[in-house]
Every structure is written in C-alpha cells, then in structure tokens.
K.L.:
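Please find one structure pasted underneath; my questions will follow.
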Amino acid sequence: MAADAKELEEIVGGLSGSQKQISPKYFYDQRGSQLFDDITQLPEYYLTNTELAIMRDNIAEMSKLIGKQASLIEFGSGSSIKARILLENLSELAAYVPVDISKEHLLAFAAEIRDCFPHIDVLPVVADFTQQYELPTPMVMSVRNIVYFPGSTIGNFEHEVAIELLRVMYHEAGKGGALLIGVDLQKDPTIIENAYNDSAGTTAEFNLNMLQHLNRDYGANFDVDEFEHSANYDSDEGRVVIELVSQADQYFEIGDTKFDIADREAILTEYSHKYTLGGFAEMANSAGFVVEKVWTDTDDLFSVQLLTRN
Ligand code: AVJ
C-alpha cells in the first residue's frame, strides 16, 4: 500500500504525544500478514488453535442457534479457515459478506470462496469496519444477520472503543440479528506472556516489521536494529502491552517530521486485552447485546460467544 496523507497524519500524530504509539493496523503489510500467519502456527500461540477447536467441537449447536437462511457478515476477512467452518456447516446460508479494508486481498478471497461454495451469494464489501457502512442486499431473502468477528481482534481496542465497535456490530446485525465473536480469556499470566514472547522469535519479527513497513511505504527511516520487541501482561488492566523499545538515544524521521527517542523509551504498538466472562458480558450489554451462549475449551483459555439483540 502506498503512503496515504490521512494515514501519514495518523502515524505522525501517534508519535507526537508523550506516549509514542503506532496503531496495530500497521503490522499488516504483506510481510506482516505472512508473519501473523506464522504466529498462528506457533506452539505458544494458543489463541488460533483453541478457537478453531471450539468452532469444530460446537459447530452443530452453533448452526442450530443461528438457524436457516442467515446472512453471514464477517468483520475483517483475514481468517478464512474459521469462516470456512461456518460456510460448510450453516444451513441454507443466504449470503456471505466479507468486509475488509484491503480491496485486492478481499476480492481475491471472495473469488476463492465463490469457487468453493458456488451456491452461496458472496458479497464482498470494501470498508473500514470500525465505521458504519451500508450492507448489500442478498439475492435470497435472509432471515437474520449474523456478524462474525473471530480471533479476539476486539482485544486490540481499549474499553470504550471496543464498546463503540460492538455498537457498530449491533447496528449491522439489525433487528433479530446476532454477533458470533471470538474472545480471549484471562488466565495464568505465564501462558499469556509466552504467547507473545515465542521462542522462535516470530512475534518479535512481527513487531519489528512494523518499522520496516513504515520505512518502505511511509517514508520513515527507522534503524530497526536499534529497537527491541517487548510484551508484558498487565494483570490489573487485563492486557498484554506490546512495545518496541529504543536501544539508544536516537532520532528518526517520517517524511519531513523528525522525532527524538530516548534510550529505553518505548513505542506502543498493540494492546491485546484478555477478558473475564463477566467483564465481557458487561461490555456486550453496554452495546445492547445479550449473551446467549458461551463456548469454551476445557482449559478455559478462549471463548466463542453468541450475542443476540432484539
Ligand atoms: C490479531 C489482535 C488477535 O492480539 O493476539 C499476535 C495479534 N499480536 N501476536 C493478538 C498479535 C502479537 C493478535 N490479534
């Protein structure tokens, strides 16, 4: 993706405050998406495998609760394996609407899904899913909308913003609709910290690649070797804090803007919130949802939840 004035402004703004930060969406250039795929295969990264197992083990009940002739609307369609489990098992799906900001990615993915599921009406929407957007009308009458938001991506957003995003999903679900969402749970901090500090160093590479991405596409000149990956679980806040820590007093530039960064000073690149079932239910309720069903694994590492609205 080429530099975009609005994004550049967002990046410069985030680095101008007393806590330097860059949005986690800048992880995902081509290299970053590949590295994230690698992360999902790491032995320490329990999230993806656990969520997939929960989906597979409970798909019959999920399908029953969702009912016939639903429209499936996926927020951020990077997670094709999980969506495929739903596409293969939901009965008489009216439509599949993958929503993603990356047009090329999305259209290629939609074509693939059409090939595998010729009987499903695939209606890709290019949009930033954190904003409200117009839904396309499926060819077949749909009984209800099921918004799908897997991967505990909700955990990237701070409390108030997460509730706002749940409200957007509430709106897109419409009357009688529901949200099927993957939610990572609070647990032994060691398990959590290991998932973000893997022994192969893939998460470190993923984090550092953000600087390379800014160098390649946004006219930055970070000396990537002078930064170090850091991920710590803050159990009071219930979140992993992921940072890039400067290894020297140094400066970097983005376009015409110059930034000083001190030795040991950190750039915040991501929060990954972990929830209690009660805490997440409160957030869901604030957005208007009722928790209809929670599926977990036997170790209560992760949950998939069906939230409904009137
Ligand atoms: C894609 C936001 C769910 O928080 O676990 C993985 C991203 N960051 N390793 C997460 C991530 C570092 C991931 N989410």
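Ligands are counted one by one from 1 in listed order, and the atoms in each one are counted from 1 as well. Side chains are part of it too, since the values below use all heavy atoms of this structure and drop only hydrogens, waters and symmetry mates.
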K.L.:
Can you list every side chain to side chain donor-acceptor pair (under 3.5 Å) pair that touches residues 112-122, not counting sequence neighbours?
P.N.:
Arg84-Glu112

K.L.:
Taking Asn145 for the side chain and Glu172 for the main chain, is one N or O donor matched with an acceptor at less than 3.5 Å?
P.N.:
yes

K.L.:
With a 3.5 Å distance limit and no angle check, can you tell me whether Ser63 reaches the backbone of Ala60 through a side-chain donor-acceptor pair?
P.N.:
no

K.L.:
Between the protein and ligand 1, which nitrogen or oxygen pairs come in under 3.5 Å, and how far apart is each?
P.N.:
from     : atom 1 : to     : atom 2 : distance (Å)
ligand 1 : 4 (O)  : Ser272 : OG     : 2.7
ligand 1 : 5 (O)  : Tyr45  : OH     : 2.5
ligand 1 : 5 (O)  : Tyr196 : OH     : 2.5
ligand 1 : 8 (N)  : Glu270 : OE1    : 2.6

K.L.:
State, to 0.1 Å, how close Asn209 and Arg31 come at their nearest heavy-atom pair, and which atoms those are.
P.N.:
OD1-CG, 3.3 Å

K.L.:
Suppose the criterion is ring-ring contact (aromatic ring centres under 6.0 Å, His included): which pairs have a residue in residues 278-310, not counting sequence neighbours?
P.N.:
Tyr170-Phe289, Tyr275-Phe280

K.L.:
Which residues pass the side chain to side chain contact (heavy atoms under 4.5 Å, CB included) test with Ser235, sequence neighbours left out?
P.N.:
Tyr233

